[in-house]
Number of protein chains: 4
Amino acid sequence: MTHRIAILGASGYTGAELVRLIATHPEMRIVALSADRKAGLAMSEVFPFLRHLDLPPLVKIDEIDFSNVDLCFCALPHATTQEVVARLPRDLKIVDLSADFRLRDPAAYEKWYGQPHAAQDLQAEAVYGLTEFYRDEIRSARLVAGTGCNAATGQFALRPLIAAGVIDLDDILIDLKAGVSGAGRSLKENLLHAELSGGTHAYSAGGKHRHLGEFDQEFSKVAGRPVLVQFTPHLLPMNRGILATVYVKGDAKTVHQTLENAYENEPFLRVLPFGALPSTRDIAGSNFCHLGVVGDRIAGRAVVVAVLDNLTKGSSGQAIQNANLMLGIEETAGLMLAPIFP
Amino acid sequence: MTHRIAILGASGYTGAELVRLIATHPEMRIVALSADRKAGLAMSEVFPFLRHLDLPPLVKIDEIDFSNVDLCFCALPHATTQEVVARLPRDLKIVDLSADFRLRDPAAYEKWYGQPHAAQDLQAEAVYGLTEFYRDEIRSARLVAGTGCNAATGQFALRPLIAAGVIDLDDILIDLKAGVSGAGRSLKENLLHAELSGGTHAYSAGGKHRHLGEFDQEFSKVAGRPVLVQFTPHLLPMNRGILATVYVKGDAKTVHQTLENAYENEPFLRVLPFGALPSTRDIAGSNFCHLGVVGDRIAGRAVVVAVLDNLTKGSSGQAIQNANLMLGIEETAGLMLAPIFP
Amino acid sequence: MTHRIAILGASGYTGAELVRLIATHPEMRIVALSADRKAGLAMSEVFPFLRHLDLPPLVKIDEIDFSNVDLCFCALPHATTQEVVARLPRDLKIVDLSADFRLRDPAAYEKWYGQPHAAQDLQAEAVYGLTEFYRDEIRSARLVAGTGCNAATGQFALRPLIAAGVIDLDDILIDLKAGVSGAGRSLKENLLHAELSGGTHAYSAGGKHRHLGEFDQEFSKVAGRPVLVQFTPHLLPMNRGILATVYVKGDAKTVHQTLENAYENEPFLRVLPFGALPSTRDIAGSNFCHLGVVGDRIAGRAVVVAVLDNLTKGSSGQAIQNANLMLGIEETAGLMLAPIFP
Amino acid sequence: MTHRIAILGASGYTGAELVRLIATHPEMRIVALSADRKAGLAMSEVFPFLRHLDLPPLVKIDEIDFSNVDLCFCALPHATTQEVVARLPRDLKIVDLSADFRLRDPAAYEKWYGQPHAAQDLQAEAVYGLTEFYRDEIRSARLVAGTGCNAATGQFALRPLIAAGVIDLDDILIDLKAGVSGAGRSLKENLLHAELSGGTHAYSAGGKHRHLGEFDQEFSKVAGRPVLVQFTPHLLPMNRGILATVYVKGDAKTVHQTLENAYENEPFLRVLPFGALPSTRDIAGSNFCHLGVVGDRIAGRAVVVAVLDNLTKGSSGQAIQNANLMLGIEETAGLMLAPIFP
């Protein structure tokens, strides 16, 4: 059976990545694409790399007949999303890729996003979309909130460790390196090739990055008490990929064993042998997350490195994985594409 | 039905690309992988990006039982290939990705490759693997010789024009821009990131590049008389992709119409509207070739631009396309992966 | 003696490159910097890489007291430049880096730039700034018009050949590869790192690029009869550098000898031994232009390759070279910085 | 007065960078260049970007007449250096860029480099070349040992903090991001453009990187008691530049003030305003090091970010700075080149 899919906000990178993945998905078919400012254009005019596909034209959201849609991916900007989702049919399955429904607490949302939430009932209903940890809730959810890409990377490294109580909860540090597609198709000076290539810098350092809202919510929930981590993201001259170097205090072998146990049956999460560390090059374009653990020369300290593709496992691939569950399809359907290298 | 596949020379980029594509091919299964110097290793040690696949270990060629193999891809270096292929079972279907069987004339081979051919009977038997122009021969071939990646790009731009007699045969110029993966996984100073990134240069200029042997053979055959083209390749700081800017003397609209007519039913060749030109970014990682035509301000001159991914349509994707035909599978099976962008 | 320098339009790449070069120029001192939209900021806020310099703040043009300025570099956008220059003191020495005064013929200007010229008297007065060919005029000029960066590259390859009559004037083809800084600090989608890196495309193909106006004017003047060339620029994933592959019909050795003779005393132009070709990597960040010549396998055809850094020899370095002449300074002063590699 | 300079090991990146910088140094002249395996070649054959310079040919070390040399830069590989230096005239001033004389303790050398030191008397004599902290010793030294590039970056961030006692000495973490030129002109698979570009990975994690030997030696000396830091380097797809993100426990404002005070008169070290963080793009090709400090949301924790160009301030620029002192020249001579951007 083929499920009918709509994508709202198809003119951004996560929208295009959804189309790329659905192009070879055996049980999904795109029936509607929206892009407000580019309505009227063909998708191939906005993204010529999708030229070979037979796709519906870009329209405004109001032009879509949702009665013909089984599931809707919402890849709209933060803040506008909550208003759009509030107007969608109440029985439509929705996977949202924005930040609007990730935080359950209205106060936390307001703190990190600078304004009150406009759809608090939906906020309460939404299931957090980190598939491997919310599988059952997602299966029966109507509205799933895709995680931040950085937030997903850090959580894959840390959730089992926090749950198992094998690390010091008061001294967790995430130094993260991110490719530029995570910033979206935004016209900003520092995203120009001439400015970005050949160098690196830290940003939102010292506890200012919004994905900390997700870390705080989830890690505190897992631990059963408040957990605050340090988090410094860096922008790298590469298009795809996130590498999180996570510093913890705990026994390195125990840390490794805990991750291995937690993920041994996970199709997309791979824990490398103890001492081996992963590269973002090995997961580009795929839905895989690779993790490695090494002990420090200072006893009782360990380094966990996690890598994933921000557009795939960190966003659109995760979204399809969640949609598969919501539609009763095999969880891995359409997502076993091998990474691309070189 | 699943066909059993062997890949000889799996430790190079074209070998790895074959594995990447076969990973999601519905009717092929890899049963043997060889890599002489890396025999004994797992494929995931040589290419960690393939870590998620359940693959046979790398062995030496002599360790492979070819009676269990339906088709063998041969991704070995030039020159050694002809000796290896000569020793393979005579009834084994072979798609060769090296340069060894591309040139039909032993004298031409010796001229371009600097030594006599060691398997002239096989050279005579081999079918030239430019699928779109040798489909019928490939279907019934035992040994297919994959084309040079540059040679494929130039031919897609020019064969229909030469066949139709719409351009001046004595003034054809191919200025080609190639990504670095075409040079293979070779340890050369000029392929280091520190040396290659951020700059460009021409190489093998003035008629010295070996792919000219293919252009001479094929264009002369199509034209029914000798055709010599000018050809200058340039190395660009990008990993995948070839862009051929082809300068011809002829009416631009006729040139465009001729290409459109020639390729209107081709699943992988896309001719853009007149005046639009393609980008390598739009075919990366895919088996597609995009072509565009623009007229020059000087009447009677046209520019044709063709782009493809050297590792896919220019090599391993083409090889699988040919294998599909040889095995009686749908020609596009496993090859409809969308390009990856950004 | 130290000459007092003003730079108008200091917030773009050519403005910043002027500052970079003047920072170690022994006889120039920056006394004024303008940037209309960024007036009030420090230069180090707009370009932190200039943080170590003691520079005047960015102001609006009208705030500059030109009586304290010996020479003014004008790095403003095309079209607005002519109005600004018309309002500057009539005795101020000006080196303009825009396109506004490159074309001497008002009709040619209107054809290529789409509007009538607003300062035709200045247009008539301006000297074309290709230093090596206009040295004497530049020495005594008040207003010098810097060349297009592509136009400079092509002319270095071709002017001596056209002047000497050693090539066919009706079959000249320039296939050019350009780095992205030539497009300036413009917020355009196709200049984003995520869009530009890892691929290439042709643009303004078929005779539409504005630098053709310069080629037409200069080559026709040198030849004493109309000369029209073919010209296709390509955008490459690199920040600095232009490589022009120039195809001519003529004897290759004669072509090489002609260039060697023409440039043997030039401090910035280097002709490589016959058969050797240059790389953009070897001139990055410097005022040098390297040229190479190779013969084609088809007798009577030659390939000339010229490389330079678009921001230095193609723009700001050229501008300082011209300013040196206008101020009576040693022509190479401040310009002998070695290229940077890797 | 012009000092006569020899460079041993001129065919590597640090050797070439020395030549690049000396090319515009007002008081140094290169009289000898060695490169064992490339003896007999011109420097321009090994590094065409230096083509414009009039340089002595590459020779073997034994062919150099050191009686005509005032100072010798030694840019040879680790381990072979100590034997070469032991054979040089005892009155020759030497700046060594290898690791051979950085560690004062023979046991520490053997621990980190895996073999006993072959010239322990020289090891005892050598002065550690971190100019800003060893100025007086360097002025009168005969043999100066250039620091590791990572070691320099980390020390600029930490030495004043350790000396002032404003941070917890038992919880210092350096997460470092390094460009690829630091790995030298080595033919390794993972340094190929096709392998390195577009991705990142950690290496020598957990306390295995040799530059830890320098951190241990220097930080313990400054603190007056053993100090062990955590250190994880990452390889980034960029050619030049190191960014060290240093996590400390201490009051952020105090940390900032301490660095500001320490470096207020340093010509090459710039501390940004509190809260601002530097980018490697802003120091590329220059001898500058920029530092920034930000406080974490968790009270009592601070992040210090330091950036420098590994080939310049991290190696060859530092070497010239030291040589200037040893020769009695102005410390900044030849080193005030502006960074290059973009």
Side-chain angles (χ1 to χ4, degrees), chain C residues 13 16-17 19-26 44-45 47-53 179-185 197-198 237-240 267-273 276-290 292 307 309 311-312 332 334-342, chain D residues 13 16-17 19-26 44-45 47-53 179-185 197-198 237-240 267-273 276-290 292 307 309 311-312 332 334-342:
Chain C
Y13 291 150
E17 179 80 350
V19 177
R20 178 178 82 88
L21 295 169
I22 293 173
T24 45
H25 192 294
S44 63
E45 292 174 277
F47 285 112
F49 82 100
L50 298 170
R51 184 178 280 145
H52 66 293
L53 298 173
V180 68
S181 63
R185 209 176 202 183
S197 68
M238 59 190 203
N239 286 343
R240 285 174 176 251
F268 296 116
L269 310 188
R270 310 258 146 184
V271 180
L272 277 59
L277 294 181
S279 163
T280 62
R281 298 168 192 91
D282 294 331
I283 47 74
S286 83
N287 205 49
F288 297 103
C289 170
H290 293 179
V307 296
D309 184 322
L311 286 182
T312 320
T332 59
L335 294 174
M336 295 306 288
L337 298 182
I340 187 163
F341 176 90
Chain D
Y13 290 150
E17 180 79 350
V19 176
R20 178 177 83 89
L21 295 170
I22 294 174
T24 46
H25 192 293
S44 62
E45 293 173 276
F47 285 113
F49 82 99
L50 298 170
R51 184 178 279 146
H52 66 291
L53 296 174
V180 67
S181 63
R185 209 176 202 183
S197 68
M238 60 189 204
N239 286 342
R240 285 174 178 252
F268 296 117
L269 309 188
R270 311 258 146 186
V271 180
L272 277 59
L277 293 181
S279 162
T280 63
R281 299 167 192 91
D282 294 332
I283 47 76
S286 83
N287 206 49
F288 296 104
C289 170
H290 292 180
V307 297
D309 184 323
L311 286 182
T312 320
T332 59
L335 293 174
M336 295 305 289
L337 299 181
I340 186 163
F341 176 90

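In the text below, chain A, chain B and the rest are named by the order of the sequence lines, each starting its count at 1. For the numbers below, each heavy atom of this structure counts, side chains included, while hydrogens, waters and symmetry mates do not.
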Is there a side-chain contact between D/Val307 and D/Asp282 in this structure, where contact means two heavy atoms from C-beta onward sitting under 4.5 Å apart?
no
Are any of the side-chain heavy atoms of D/Arg51 and C/Pro339 separated by less than 4.5 Å?
no
Could you look at [X] and say if it's the side chain, the backbone, both or neither that has a heavy atom under 4.5 Å from chain C?
{"X": "D/Leu272", "result": "side chain"}
{"X": "D/Leu337", "result": "both"}
{"X": "D/Leu311", "result": "side chain"}
{"X": "D/Arg20", "result": "both"}
{"X": "D/Phe47", "result": "side chain"}
{"X": "D/Phe288", "result": "side chain"}

With rounding to the nearest 0.5 angstrom, report the OG to NE2 distance, D/Ser44 to D/His52.
11.0 Å
How long is the span from the OG atom in C/Ser286 to the CG atom in C/Leu335, to the nearest 0.5 Å?
10.0 Å
If you look at every heavy atom in C/Tyr13 and C/Ser181, which pair is closest and at what distance?
CD1-O, 3.7 Å
Quick one: closest heavy-atom pair of D/Ala338 and C/Ala23, and the distance?
CB-CB, 4.3 Å
Quick one: of [options], who has the most non-hydrogen atom pairs under 4.5 Å with chain D?
{"options": "C/Ile340, C/Asn239, C/Leu50, C/Thr24", "value": "C/Ile340"}
{"options": "C/Met336, C/Arg185, C/Arg240", "value": "C/Arg240"}
{"options": "C/Glu17, C/Arg281, C/His290", "value": "C/His290"}

